[in-house]
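What you see below is based on every heavy atom in this structure, not just the backbone, and it leaves out hydrogens, waters and symmetry mates. Since the structure is predicted, the reported quantities are computational estimates derived from the model, not experimental observations.
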Amino acid sequence: SRYAFTAVSCSMLNRHSAATQGVFRFHIPTAAYISNFTMIVGGRVFPSQVKAKEKKMKKEGGENNGKKNKNTPEQSEGEMEVFQMEVTIPGRNRAVFLLTYEELLQRRLGRYEHVTSVRPMQLVSRLSVGVTIVEHSRITYLEVLPLRNGKTPSSNGNGKADGPPVSTVVKQNETFCKISFTPNIAQQAKIATNGMLGEFVVRYDIEREIGIGNIQVLDGHFVHYFAPKDLPVVSKNVVFVIDTSASMVGTKIRQTKEALFTILRELRPNDHFNYVTFSNRIRVWQPGKLVPVTPNNIRDAKKFIYMISPTGGTDINGGIQTGSALLSDYLSSKEESHHNSVSLIIFLTDGRPTVGVVQSPVIIGNTKAAVQEKFCLFTIGMGDDVDYRLLERMSLENCGTMRRIPEDADASVMLKGFYDEIGTPLLSDIRVEYSEDAVEYITQNLFTNYFNGSELVVAGKLTNRSSDSLHIQVTASNSERSIVLEKDMSIHEREQETERRLAEVEAGPNVNGYVERLWGYLSVKDELKGRLRSLTSAERENYTQHATNLSLTYNFLTPLTQMIVEKPQVLADGTLAQTQKEAEATEAPPPAETSNQLSEDNNSLTPQSLHRNQPPKPISAVSKATSGVSKPAKKSVTLSKTSADGDPHFVVEVPHSKLTMCFNINGEPGHILRLVTDHKHSNKSVTVNGALIGAPAPAGSHKEQRTYFSTITIVANKPRRSYIEVTPQKVILDDRDRMILPSSSSISVETANLAVVIIANTNLTVTIQGTIQFVILFHHYKNPAPYQRDHLGFYIANSKGLSKDTHGLLGQFLYEDIGLTQLPGNFSMAAENSTQETLGKNITLTSYPALKVKDRTVTVIKKSRRIYSGKQTVDCWFTKNNAAKLIDGQYSDYVVSHLFDTGDWANGTNTH
């Protein structure tokens with residue numbers, strides 16, 4: 001729904017033995033706010049923290065964020081800003097940079113546009129961009145543009161000038177769309193050899209409901225999108241105020257003239273217009289009036305534009321005053337006939353004031369006094385020598401907007417585009433109101449104009465009221481009359497509809513709080529605008545406080561907050577220095593271990609958290625939530641013995657029968673075994689599969705080969721598909737965002753469905769939706785014998801949340817009643833498995849222990865097994881022959897086609 005979450009992950013490897021600088025640079029849309037930045041360097045996590053800016057910032061090196069100030073044009077590239085972070089990467093080590101930012105896509109000229117910068121600064125082995133669009137209304141238009149560099153399309157890498165770039169794939173249904181762009185190195189090189197591919201641009205639009213617009217409700221917040229169509233065009237009165245100082249000479253004035261000629265052709269018959277040019281002196285094309293659009297006037301206007309020649313200084317104040325007086329006088333003389341027209345000044349400059357009034361505050365005050373809220377002022381800055389803050393304030397205080405044209409851009413195209421956005425007014429004086437008892441804290445709800453192809457967006461917080469009804473009223477004027485739209489709707493029904501849409505597309509954890517985050521985003525923007533417009537220091541302080549609090553609540557990096565990034569310190573020998581926290585963690589004594597607990601502390605690093613765009617915490621908890629660093633985890637996880645570890649030795653603790661049994665599975669290398677499956681019946685929908693690798697058996701062994709688990713996958717399909725893929729080296733976590741975490745670093749990550757805690761080189765704990773818990777042990781060998789392979793062990797720590805129908809090699813026993821029985825001596829299988837128990841000094845009794853599983857009887861022998869990397873020994877009843885008769889069906893029933901196979905168990909009594 002137009003609120004875009006963008007997650008960037010960049011991995012760099014330092015192949016040298018010496019430490020070296022790594023630079024992460026990323027272009028971010030100017031309107032977006034960064035909501036998280038984390039570095040993983042040399043396997044350690046360095047989270048960032050968003051804090052309020054101190055009143056007077058001291059200039060200190062290294063610790064501040066890299067987001068560029070909007071007032072320094074050399075850092076800003078049109079509608080993009082550069083985020084930059086430099087860090088020292090130890091030799092033969094890797095750095096991973098994780099960045100997320102959020103923005104509300106604005107509708108312009110009937111399209112939403114999402115822009116992703118693809119500029120890794122070198123050719124890279126793995127490059128992928130994925131864009132997922134989830135809408136509530138039908139997507140009526142979708143286009144992937146050619147890659148764009150600056151404002152011009154760059155090469156597409158496929159020999160074609162138009163159409164999507166090479167390797168782009170689009171999958172789409174009515175309201176959902178997935179786009180991927182994955183160029184390999186050769187394809188990248190055809191586009192640009194320096195890795196500066198440009199911007200990947202997706203444009204789309206959706207079907208509009210006729211009437212009051214689209215309203216979505218989630219988590220006590222709402223958003224209202226209003227973009228009516230098929231309305232008659234309102235006539236406009238427009239004065240163009242154009243800078244003709246000496247600095248405009250050459251390309252700038254040529255492109256400005258081109259745009260003015262094009263705009264002239266598009267003025268409508270009922271419009272009125274005039275031109276003012278300013279340098280040292282002010283010139284007016286038709287003094288004292290605005291003229292109607294007639295063939296003669298158009299012809300004369302073309303002559304005037306053609307004859308413009310730049311010279312002299314820049315009298316911004318004089319230009320604005322003259323243009324405002326022209327429009328103001330015209331409106332007061334034509335009061336009756338122009339009741340329903342829209343009036344605007346379009347002001348263009350490429351410089352700072354050098355003639356006449358040059359102090360910004362005076363110019364702003366004079367402008368406000370001249371405009372008197374009778375019309376709107378739209379400002380355009382060209383190039384790098386513009387006081388953009390002045391232009392922004394001039395337009396903001398006079399119901400307009402400011403647009404920036406970069407130095408090297410095609411100004412005629414951008415000017416024309418900007419005019420097109422404001423050239424077709426459909427409504428004026430729009431007021432959107434909601435029933436007072438139902439709504440508090442709404443974002444801007446008064447709009448001077450609504451232009452064709454744009455969209456008005458209002459978000460609000462709902463009160464904890466008992467009433468379920470929300471009354472909406474929109475009042476506005478169009479070319480003929482005042483219009484009123486009204487509607488009553490059920491909040492509960494809208495919320496159910498919003499939730500249903502999200503569930504249908506499995507949109508991911510970020511979206512859970514998207515309406516609230518959208519409200520937070522718009523509220524910050526509103527407060528910052530208010531701060532810019534404020535007249536007294538008390539008023540300014542009030543806006544500052546509100547905007548800062550909201551920025552901290554949602555962890556937004558805004559002009560009022562700063563990002564503190566802890567950086568790794570590299571010692572002279574090229575290794576990472578310990579942080580204070582790690583030193584504390586290492587010096588603390590390890591906890592006492594009990595027989596059924598696995599200590600999570602291995603004198604290893606502090607686990608730290610990456611909070612990925614979670615719905616915000618209450619303000620009191622903000623400092624904790626945003627810092628993302630948890631204290632050294634000294635807690636122990638209590639484990640059951642139910643596991644598959646080693647060459648896979650299976651141990652099953654049967655809670656109902658208070659006994660433990662064990663068996664081996666002699667699988668084939670390459671086979672993938674189903675360990676747990678609960679896909680149809682539980683509300684978690686979980687499957688665990690393990691892939692086997694082979695190794696030769698040690699000398700003298702009765703086996704021909706050994707097998708170990710090399711990869712384990714955990715797939716959870718509800719409320720939305722997410723998975724974890726684990727190998728001894730790394731953990732891949734995919735829950736909307738995909739993260740690759742090394743097993744050599746201690747880190748904890750929480751997403752909407754999954755919580756993952758890695759203890760470096762020791763183990764991984766996975767918690768699914770707060771209940772089901774699995775632990776995977778990492779087994780690494782420093783100097784492995786031929787029969788040893790790095791492998792994994794799988795333990796079920798908590799099965800609560802798995803249903804009674806759970807199956808798989810381990811899963812089938814979780815809720816089974818299994819009894820131990822003694823068989824008489826003439827039992828056919830007895831001879832092979834008989835055991836002797838000495839009851840007294842000389843009395844020996846031969847008995848044949850067996851397990852009763854459903855209607856099957858399986859003979860067993862007593863064995864001891866070592867689990868948890870040898871830390872604990874378990875006595876268990878062992879079944880021979882690949883667990884024949886103990887497990888439902890046979891070995892082949894548990895072999896699946898691939899690691900993410902969630903197919904059902906088809907045999908035996910637990911039929912799924």
Side-chain angles (χ1 to χ4, degrees), residues 30-31 33 52-57 69-72 239 241 314-325 327-328 331-332 343-347 349 352-353 356-381 386-404 428-433 440-449 456 458 520-552 556 558-561:
T30 306
Y33 290 145
K53 270 188 185 167
E54 282 133 37
K55 282 287 186 295
K56 287 193 172 57
M57 288 278 296
N69 182 336
K70 301 193 181 191
N71 305 334
T72 50
V239 176
V241 180
T314 310
D315 185 358
I316 285 179
N317 186 68
I320 286 281
Q321 290 298 311
T322 308
S324 299
L327 194 46
S328 200
L331 290 175
S332 39
S343 301
L344 26 132
I345 287 183
I346 295 177
F347 173 88
T349 182
R352 298 165 184 270
V357 179
V358 292
Q359 299 89 348
S360 291
V362 181
I363 295 174
I364 290 162
N366 290 350
T367 304
K368 202 171 170 66
V371 172
Q372 293 178 335
E373 299 186 0
K374 289 181 183 172
F375 44 86
C376 295
L377 170 63
F378 293 87
T379 58
I380 300 162
V386 178
D387 185 345
Y388 282 109
R389 191 175 170 80
L390 170 64
L391 293 194
E392 188 171 26
R393 280 205 65 173
M394 280 164 57
S395 56
L396 257 185
E397 295 200 354
N398 297 288
C399 72
T401 51
M402 187 267 292
R403 202 49 67 78
R404 178 188 301 226
S428 56
D429 302 321
I430 306 101
R431 179 184 285 271
V432 191
E433 295 185 290
E440 53 183 354
Y441 306 124
I442 56 171
T443 58
Q444 180 187 345
N445 67 328
L446 299 173
F447 304 92
T448 313
N449 296 303
L456 305 181
V458 184
Y521 172 92
L522 282 181
S523 298
V524 170
K525 296 268 181 207
D526 283 356
E527 297 290 336
L528 289 173
K529 280 183 195 165
R531 179 174 181 266
L532 205 55
R533 282 196 297 253
S534 57
L535 300 172
T536 65
S537 56
E539 198 184 353
R540 182 181 165 84
E541 185 50 42
N542 190 26
Y543 280 122
T544 304
Q545 206 46 57
H546 279 160
T548 304
N549 289 345
L550 281 161
S551 303
L552 293 175
F556 287 151
T558 66
L560 299 178
T561 52

Inset, instruction - Could you check whether the rings of Y33 and F556 sit parallel, tilted or perpendicular, using 30° and 60° as the cut-offs? - result: tilted
Legend entry - D387 side-chain N/O to R352 backbone N/O, donor-acceptor pair under 3.5 Å: no
Inset, instruction - Check whether any side-chain heavy atom of I363 sits under 4.5 Å from a side-chain heavy atom of M394, and report yes or no. - result: yes
Inset, instruction - For S428, check side-chain contact (heavy atoms from CB on, under 4.5 Å) against everything at least two apart and list the hits. - result: V342, N449, S477
Inset, instruction - Please identify each residue that fulfils salt bridge (Lys or Arg N to Asp or Glu O under 4.0 Å) with R531, with sequence neighbours left out. - result: none
Legend entry - L532 side chain reached by E392 side chain, heavy atoms, under 4.5 Å: yes
Inset, instruction - May I ask you to test the Q444-D526 pair for a side-chain heavy-atom distance under 4.5 Å? - result: yes
Inset, instruction - Might you point out which heavy atoms bring A52 and T548 nearest each other, and give the distance in Å? - result: CB-CG2, 3.6 Å
Inset, instruction - Identify, with sequence neighbours excluded, every residue that meets side-chain hydrogen bond (donor to acceptor under 3.5 Å, both in side chains) alongside S534. - result: none
Legend entry - Rounded distance [0.5 Å steps], CD in Q359 versus CG in L390: 11.5 Å
Inset, instruction - With the side chain counted from C-beta on, respond yes when I346 and V241 share a heavy-atom pair under 4.5 Å apart, and no when they do not. - result: no
Legend entry - Smallest separation among heavy atoms of I345 and L327, with atom names: CG1-CD2, 3.8 Å
Legend entry - Under the side-chain hydrogen bond (donor to acceptor under 3.5 Å, both in side chains) test, residues paired with T349 that sit two or more places apart: D243
Legend entry - Distance, nearest 0.5 Å, that separates CD1 of I364 from CZ of R393: 4.5 Å
Could you give the side-chain donor-acceptor pairs of residues 369-379 under 3.5 Å, partners two or more places apart or in another chain?
residue: Q372; atom: OE1; partner: K374; partner atom: NZ; Å: 3.3
residue: K374; atom: NZ; partner: S328; partner atom: OG; Å: 3.2
residue: T379; atom: OG1; partner: L391; partner atom: O; Å: 3.1

Legend entry - Atom pair CD (E397) and CZ (R533), whose distance is rounded to the nearest 0.5 Å: 7.5 Å
Inset, instruction - Check whether any side-chain heavy atom of I380 sits under 4.5 Å from a side-chain heavy atom of M402, and report yes or no. - result: no
Legend entry - With S537 via side-chain contact (heavy atoms from CB on, under 4.5 Å) - residues at least two apart: none
Could you list the donor-acceptor pairs under 3.5 angstrom formed by side chains in residues 315-322, with sequence neighbours left out?
residue: D315; atom: OD1; partner: G318; partner atom: N; Å: 2.9
residue: N317; atom: OD1; partner: N366; partner atom: ND2; Å: 3.2
residue: Q321; atom: NE2; partner: N366; partner atom: O; Å: 3.1
residue: T322; atom: OG1; partner: G318; partner atom: O; Å: 2.8

Inset, instruction - Could you tell me which non-hydrogen atom of P559 sits nearest to which non-hydrogen atom of L528, and how far apart they are? - result: CD-CD1, 3.8 Å
Inset, instruction - Could you check if a side-chain atom of F447 sits within less than 4.5 angstrom of a side-chain atom of V458, using non-hydrogen atoms only? - result: yes
Legend entry - Partner residues of L446 under the side-chain contact (heavy atoms from CB on, under 4.5 Å) criterion, sequence neighbours left out: R431
Inset, instruction - Report the residues that fulfil side-chain hydrogen bond (donor to acceptor under 3.5 Å, both in side chains) with S324, sequence neighbours left out, ordered by chain and then residue number. - result: none
Inset, instruction - Output all residues satisfying ring pair (Phe, Tyr, Trp, His ring centres under 6.0 Å) with F347, sequence neighbours left out; order by chain, then residue number. - result: F278
